[in-house]
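Excluded from the calculations below are hydrogen atoms, water molecules and symmetry mates; all remaining heavy atoms, backbone and side chain alike, are included. Naming: A, B, ... by sequence-line order, numbering from 1 per chain.
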Amino acid sequence: MLENSLSSLNESQKEAAQHIDGSLLILAGAGSGKTKTITTRLAYLISIGIDPSSILTLTFTNKAATEMRERAYSMIDTTIVNTPPLLCTFHKFGLLFLKFHMSELGRKNNFIIIDTDDKKRILKSIDKEITTSLLVSEISKYKNTLISPSEAKTAAQLKIYQQIADIYEKYEAYLLKNNLVDFDDLLLLPYKILEKNEELAKQISQKYQYVMVDEYQDTNELQYKLLRKLCLTHNNLCVVGDDDQSIYGWRGATIKNILNFSEHFENTKVVKLENNYRSTNIILNHANQLIEHNRDRLGKKLIGTRKEGDSIKVYESSDENEETRKITDDIKKLIASGESAKDIAILFRVNALSRSLEEGFNKAGLNYKLIGGMKFYERAEIKDLIAYFRILTNTTDNFSLKRVINKPKRGIGKTTIDKLDAKSLELKKPIFNILEDFEPDELAAIVGKKNSRTLKVFMASIMDLRDTMEESKMKFLDTFEDTFDYRASYDNVPDGFDRQANIDEFYGYIRDYFIQNPHLNLEDFLNEIALESEQGELTDQAVSMMSIHSSKGLEYKHLFIIGLEEGFFPIIGDGSDIEEERRLGYVAITRAMDTLTLSFVHSRFYKGKRTSLLKSRFLSESGLIKGSLTIEKTSSYKKGDLVQHKIFGMGRVQKATKAGKDYKLTINFGGTRRDILSSFVEKI
DNA sequence: GCGGAGTTCTTTTTT
DNA sequence: AGAACTCCGC
């Protein structure tokens with residue numbers, strides 16, 4: 001199998017795939033077979049006898065990891081290879097590492113990973129003045145550049161930065177106290193441990209003799225430093241990247257890492273992959289035109305290897321409903337002509353744009369899957385359940401306990417929680433133990449008689465549930481519902497139906513997990529899902545919708561990109577970087593294999609109001625807006641629309657029936673009624 | 001001290 | 001539009 005894979009590579013790809021020792025930089029343009037190359041390299045290394053468990057491959061997203069794993073495994077004879085090579089996201093690797101080595105920092109390994117939402121909550125509780133989004137990004141920036149709270153304090157010139165550094169310090173203290181770990185910590189703490197313990201660093205580096213990194217242009221400083229540690233005893237680092245596809249600058253990614261790779265690591269071999277095997281020449285041509293407007297780049301052109309292809313379509317619509325209608329019409333036609341829905345995707349810069357699409361797809365009866373957006377595990381009801389289950393496995397988890405102490409509502413409010421918190425701090429004892437150990441009277445002295453009773457009942461239920469769990473993993477979900485009525489608490493509330501559906505899905509997922517893994521317990525389950533963002537993705541016959549960020553590394557035969565309007569794409573203002581926006585445009589366009597349709601509207605409903613918009617500069621920059629391309633100008637008409645006719649002037653539509661591409665309109669021009677085709681009037 | 005009603009802010013993107 | 005936050009009545 002590997003032989004086939006190797007022989008299907010071109011010369012440069014082969015050179016990269018068969019490189020063994022020493023650092024290797026693969027500069028790979030979009031669609032140049034980058035994933036194929038490094039997965040083949042992975043299989044190649046194994047085929048020549050290198051121990052699979054000594055190879056580490058790191059990616060950025062779970063999706064990329066999954067895809068690579070599948071591809072690589074199909075090339076490896078899994079019957080011979082006993083331990084599969086570790087292939088996961090940076091964060092997952094950090095998590096695995098911390099599970100083993102957290103004690104190096106004097107912390108227990110039953111820490112809990114908090115997500116951005118939890119992080120915001122904590123920051124809000126520390127400070128209410130400064131916007132949390134600023135705090136989130138600033139603190140993240142500190143961590144990713146290895147600046148400690150005290151260093152941040154010293155460096156702070158402006159008052160606002162002193163405040164932020166102060167909050168940063170408190171935030172870190174809070175995490176430590178509750179044994180919490182944020183996403184940045186998953187990279188930062190392993191680095192700190194390796195920095196502190198040279199011996200361990202050497203060991204780890206010895207363990208992973210071959211390290212590969214996908215999407216290297218998106219690594220930040222911390223990730224680079226971590227890689228340095230991993231390669232402490234060798235120089236076997238192979239990275240793949242494309243400076244034109246760097247789209248995570250807002251997360252601290254720096255192109256410098258890829259630009260300076262050869263200086264960072266000795267004797268680097270550089271292989272360039274410039275042939276594009278994915279897209280038609282027309283698509284590549286416009287992608288090249290667009291990216292040429294960027295100054296901050298190494299400069300390269302994608303070289304096409306396929307046919308010329310169909311010209312790119314640009315749709316102009318008055319609003320998102322019309323836009324959706326055109327796209328669903330096209331997709332219906334594609335599917336009718338025998339295309340598979342899974343070869344079709346719609347991309348957008350802003351997740352919120354998916355809403356009108358979803359409506360339109362439901363109306364049109366088309367299957368779709370929305371990738372990204374509000375993630376399953378980020379939903380409040382799922383996080384509540386996870387919090388419940390975490391308490392069961394870890395009674396010291398104050399954070400989770402506080403989350404569910406009043407869910408479903410049992411009359412425990414903020415004041416009571418604050419009191420418990422204070423007591424917990426005073427006695428250096430988890431709230432759980434206070435609730436458990438204190439006599440009702442003692443507890444009443446803290447929170448009052450009524451609450452004391454409520455909390456004692458709550459605790460009794462929790463203890464009960466723990467016992468049930470010990471007895472039977474399968475039974476405990478029923479017991480959980482019987483005692484807490486969590487699902488039932490969403491009866492008769494707005495969107496309770498959806499939430500209950502999520503709850504059911506989650507329960508089903510847990511049950512299935514225990515059926516599949518009888519020897520594993522709840523704690524294993526919780527660990528596993530901590531970094532999982534998407535599951536059940538492979539619903540087959542459905543059109544995909546996702547943000548451009550999520551689309552990285554993917555390809556579709558037929559692609560639609562919507563929302564090409566100034567303000568939506570590119571996003572302009574504050575923290576936005578026009579070059580990065582343009583790279584996003586480049587990434588988006590280069591996802592398309594055969595056909596590409598771009599769409600912009602005159603107005604969009606967003607954040608509660610309708611805004612009029614101008615078409616995106618990217619349309620002209622990519623050479624699409626002037627010249628000989630098809631611009632679809634039909635708009636939809638309905639009764640009551642105001643229209644303008646060159647001769648008859650302004651009139652109001654009284655009747656509109658569809659006639660092919662046009663509409664047959666009955667228009668009232670100041671009292672005179674005329675039947676006119678829509679192509680002869682302009683909508684106002 | 002808790003829960004419901006009004007008010008403000010948000011996300012651009014992901015682990 | 002929807003969540004998240006503030007304020008005031010039981």
Every protein N/O lying under 3.5 Å from an N/O of nucleotides 2-10 of chain C:
none

Which atom pairs link the protein and nucleotides 3-8 of chain B when you take only N or O atoms and keep those under 3.5 Å?
residue: B:dG3; atom: OP1; partner: A:Gly411; partner atom: N; Å: 3.4
residue: B:dG3; atom: OP2; partner: A:Asn406; partner atom: ND2; Å: 3.4
residue: B:dG4; atom: OP2; partner: A:Lys409; partner atom: NZ; Å: 3.3

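Each of B:dT15, B:dT14, B:dT11 was ranked by its minimum atom distance to the side chain of A:Ser550; first place goes to B:dT14. Looking at the side chain of A:Asn451, the nearest of the listed nucleotides B:dT15, B:dC2, B:dT11 is B:dC2.
Listed in residue order, the members of residues 87-95 of chain A having a heavy atom less than 4.0 Å from DNA chain B are A:Thr89, A:His91.
A:Arg228 is linked by a salt bridge (Lys or Arg N to Asp or Glu O under 4.0 Å) to nothing, counting only residues two or more places apart in sequence or in another chain. Contacts of A:Asn451 classified as side chain to side chain donor-acceptor pair (under 3.5 Å), with partners at least two apart in sequence or in another chain: A:Thr416. A:Tyr208 is linked by a ring-ring contact (aromatic ring centres under 6.0 Å, His included) to A:Phe93, counting only residues two or more places apart in sequence or in another chain. Taking A:Asn406 as the reference, A:Lys409, A:Arg410, A:Ile412 meet the side-chain contact (heavy atoms from CB on, under 4.5 Å) condition, with sequence neighbours excluded. Not counting sequence neighbours, the partners of A:Thr219 by the side chain to side chain donor-acceptor pair (under 3.5 Å) test are A:Asn257. Shown here are the salt bridge (Lys or Arg N to Asp or Glu O under 4.0 Å) partners of A:Lys170, two or more places apart in sequence or in another chain: A:Asp166. Applying the salt bridge (Lys or Arg N to Asp or Glu O under 4.0 Å) test to A:Asp214 and every residue at least two apart in sequence or in another chain returns A:Lys34.
The side chain of A:Thr416 contributes an N or O atom lying less than 4.0 Å from OP1 or OP2 of B:dC2.
Seen from the ring of A:Phe568, A:Arg604 counts as a face-on cation partner, given the 6.0 Å and 45° thresholds.
Pairs engaging residues 121-147 of chain A under the ring pair (Phe, Tyr, Trp, His ring centres under 6.0 Å) rule: A:Tyr142-A:Tyr168 [sequence neighbours left out]. The stretch residues 246-258 of chain A participates, sequence neighbours left out, in no salt bridge (Lys or Arg N to Asp or Glu O under 4.0 Å) pair at all.
C:dT6 and B:dT11 have their P atoms separated by 16 Å, with the value rounded to a whole Å.
You'll find a donor-acceptor pair under 3.5 Å spanning the side chain of A:Thr116 and the base of B:dT15, going by distance alone.
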